[in-house]
Amino acid sequence: MPELPEVETVRRGLSPSFVGARIARAEARRPNLRFPFPERFVARLEGRRVQDLRRRAKYLLADLDSGETLAMHLGMSGSFRVEEQPVGQFYHPRGKPSHDHVVFDFESGARVVYNDPRRFGFMDLIETVRLDKHPLFADIGMEPLGPEFNAAALAAALEGSRAPLKAALLDQRRIAGLGNIYVCEALHDARLSPMREAGSLKRSETTKLARAIKQVLEAAIEAGGSTLRDHRQTDGQLGYFQHNFAVYDREGAACGHTRCGGIVSRAVQAGRSTFYCGACQS
DNA sequence: CTCGTCCCCTGGGAGC
DNA sequence: TGCTCCCAGGGGACGA
């Protein structure tokens with residue numbers, strides 16, 4: 001599910017519950033998600049106050065007053081929901097598995113539940129001062145909404161890459177937080193072919209692309225992210241940026257660019273769908 | 001190194 | 001209805 005805009009939407013939704021709050025009780029309802037939970041996971045959470053809730057790439061980072069940071073990745077299907085009035089312990093509609101895997105009960109009485117049917121998400125506890133050097137974060141590239149991101153920085157990140165543009169933009173070591181949806185959308189916005197060799201862009205093209213990436217991400221955050229099936233804002237609301245997709249999941253539809261007249265195509269790159277307009281993206 | 005392929009897992013939708 | 005097959009927002013482990 002979640003790319004940068006969805007994770008940022010979740011961060012904003014969770015902040016009122018997390019920041020400044022103390023975790024009175026935590027619960028992991030299984031030993032692992034994609035990876036095992038860290039040693040003594042629950043014990044290291046209980047009694048801790050959350051000092052800040054940040055985002056880096058597609059990770060949520062809750063800084064605890066113990067000097068550790070709870071790093072959370074939502075994988076493909078992870079979501080959080082906030083229950084001001086906890087609904088109950090093991091509510092399984094129609095007996096189906098709930099996929100509620102982690103529960104945070106705060107002193108305030110608020111409950112935050114992490115749900116993840118596919119369990120591609122994971123959580124870890126990392127010493128805060130060493131976070132940037134941790135293997136999960138050491139190689140992650142620049143934030144596209146950060147102050148250091150511009151056409152020159154993008155050009156530098158793509159320089160020398162012989163990979164298709166699509167694959168290079170998905171590579172978290174070059175740029176952080178982009179996924180399949182927003183890469184497709186940004187490339188269409190910038191009228192660049194996903195098949196272009198990443199290192200071959202001219203300066204005018206990296207300028208257009210940098211602008212498109214920022215614009216698409218900001219618009220998606222504004223819309224509360226995109227809900228294809230799983231993504232919810234933490235209050236249960238759907239995101240609605242999917243209604244603004246120009247190409248993603250729109251194979252056969254008309255290209256929205258003025259006077260283009262092209263049709264959206266689907267191709268497979270690196271095992272994943274790429275949506276683009278062959279008429280105006282070059 | 002850098003690239004492409006496969007795989008982890010569950011559920012939803014299409015097609016028969 | 002109920003199969004079966006295909007596909008899905010991420011990214012780590014491989015092998016070439």
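All values reported here derive from a predicted model rather than from experimental measurement. Order of the sequence lines fixes the chain letters, A, B, ..., with proteins taken first and strands second; residue numbering starts at 1 for each chain.
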Exercise for the section: Take the protein atom CG of A:Leu170 and the nucleotide atom C1' of C:dA8, then report the distance between them rounded to whole Å. Expected result: 14 Å
Exercise for the section: Take atom CD of A:Glu39 as the centre, draw a 6.0 Å sphere, and report whether it contains more than 12 heavy atoms from other residues, nucleotides or ligands. Expected result: no
Exercise for the section: Measure the distance from CZ on A:Phe35 to C1' on C:dG11 and round it to the nearest whole Å. Expected result: 8 Å
Practice task
Considering just the side-chain nitrogens and oxygens of A:Ser273, establish if one lies under 4.0 Å of OP1 or OP2 belonging to C:dA8.
Solution key: yes
Problem - Phosphate contact (B:dG11 OP1 or OP2) by A:Arg229 side-chain N/O below 4.0 Å - result: no
Handout entry: Between B:dC9 (P) and A:Asn115 (CG): distance, integer Å
Key = 18 Å
Problem - Validation row, ring centre A:Tyr59 to ring centre A:Phe137 under 6.0 Å - result: yes
Fill in the blank from the handout: Atom CG of A:Asp139 and atom P of C:dA13 are separated, to the nearest Å, by 13 Å
Handout entry: Exercise: do A:Ser79 and A:Arg232 side chains pair donor with acceptor under 3.5 Å
Key = no
Problem - Option among A:Asp52, A:Leu70, A:Thr69 that satisfies the side-chain contact (heavy atoms from CB on, under 4.5 Å) test with A:Thr128 - result: A:Thr69
Handout entry: Single hit among A:Met195, A:Glu197, A:Gln269 for side-chain contact (heavy atoms from CB on, under 4.5 Å) with A:Pro164
Key = A:Gln269
Handout entry: Protein-nucleotide distance (A:Arg272, atom CZ; C:dG11, atom P), rounded to Å
Key = 8 Å
Practice task
Indicate, with a heavy-atom threshold strictly under 4.0 Å, whether A:Tyr248 touches base, sugar-phosphate, or nothing.
Solution key: sugar-phosphate
Problem - Set of ring pair (Phe, Tyr, Trp, His ring centres under 6.0 Å) partners for A:Tyr276, sequence neighbours left out - result: none
Handout entry: Summary of protein contacts for nucleotides 3-8 of chain B, nucleotide by nucleotide, where a base hit scores B, a sugar-phosphate-only hit scores S (4.0 Å, heavy atoms)
Key = SS---B
Exercise for the section: Check whether any side-chain nitrogen or oxygen of A:His99 sits under 4.0 Å from OP1 or OP2 of B:dG11, and answer yes or no. Expected result: yes
Completion exercise
Listed range with range, the stems formed with DNA chain B by at least 3 consecutive Watson-Crick or G-U pairs (under 3.5 Å) are B:2-8 with C:10-16, B:10-16 with C:2-8
Handout entry: Side chain of A:Arg119 (C-beta onward), nearest among B:dC9, C:dA8, B:dG11
Key = B:dC9
Problem - Nearest-nucleotide pick for A:Pro117, side chain only, options being B:dG11, C:dG12, C:dG9 - result: B:dG11
Exercise for the section: Would you kindly give the CE-to-P distance between A:Met72 and C:dG10, to the nearest whole Å? Expected result: 19 Å
Problem - Ring centers of A:Phe104, A:Phe18 separated by less than 6.0 Å - result: yes
Fill in the blank from the handout: When every non-hydrogen atom of A:Asp189 is compared with those of A:Gln215, the smallest separation belongs to OD2-OE1, 3.5 Å
Completion exercise
Taking C:dG11, C:dG12, C:dG9 as options, the one with an atom nearest any side-chain atom of A:Gln172 is C:dG11
Exercise for the section: Indicate the ring-plane relationship of A:Phe37 and A:Phe41, choosing parallel, tilted or perpendicular according to the 30° and 60° boundaries. Expected result: parallel
Handout entry: Rounded distance (Å) that lies between atom P of C:dG9 and atom CD of A:Glu185
Key = 13 Å
Practice task
Provide the distance between the two P atoms, one in B:dG12 and one in C:dG11, to the nearest whole Å.
Solution key: 23 Å
Exercise for the section: Assign the ring pair A:Phe241 / A:Tyr182 to parallel, tilted or perpendicular, where the plane angle (0 to 90°) is split at 30° and 60°. Expected result: tilted
Handout entry: Length of the CG-P vector between A:Leu158 and B:dT2, whole Å
Key = 13 Å
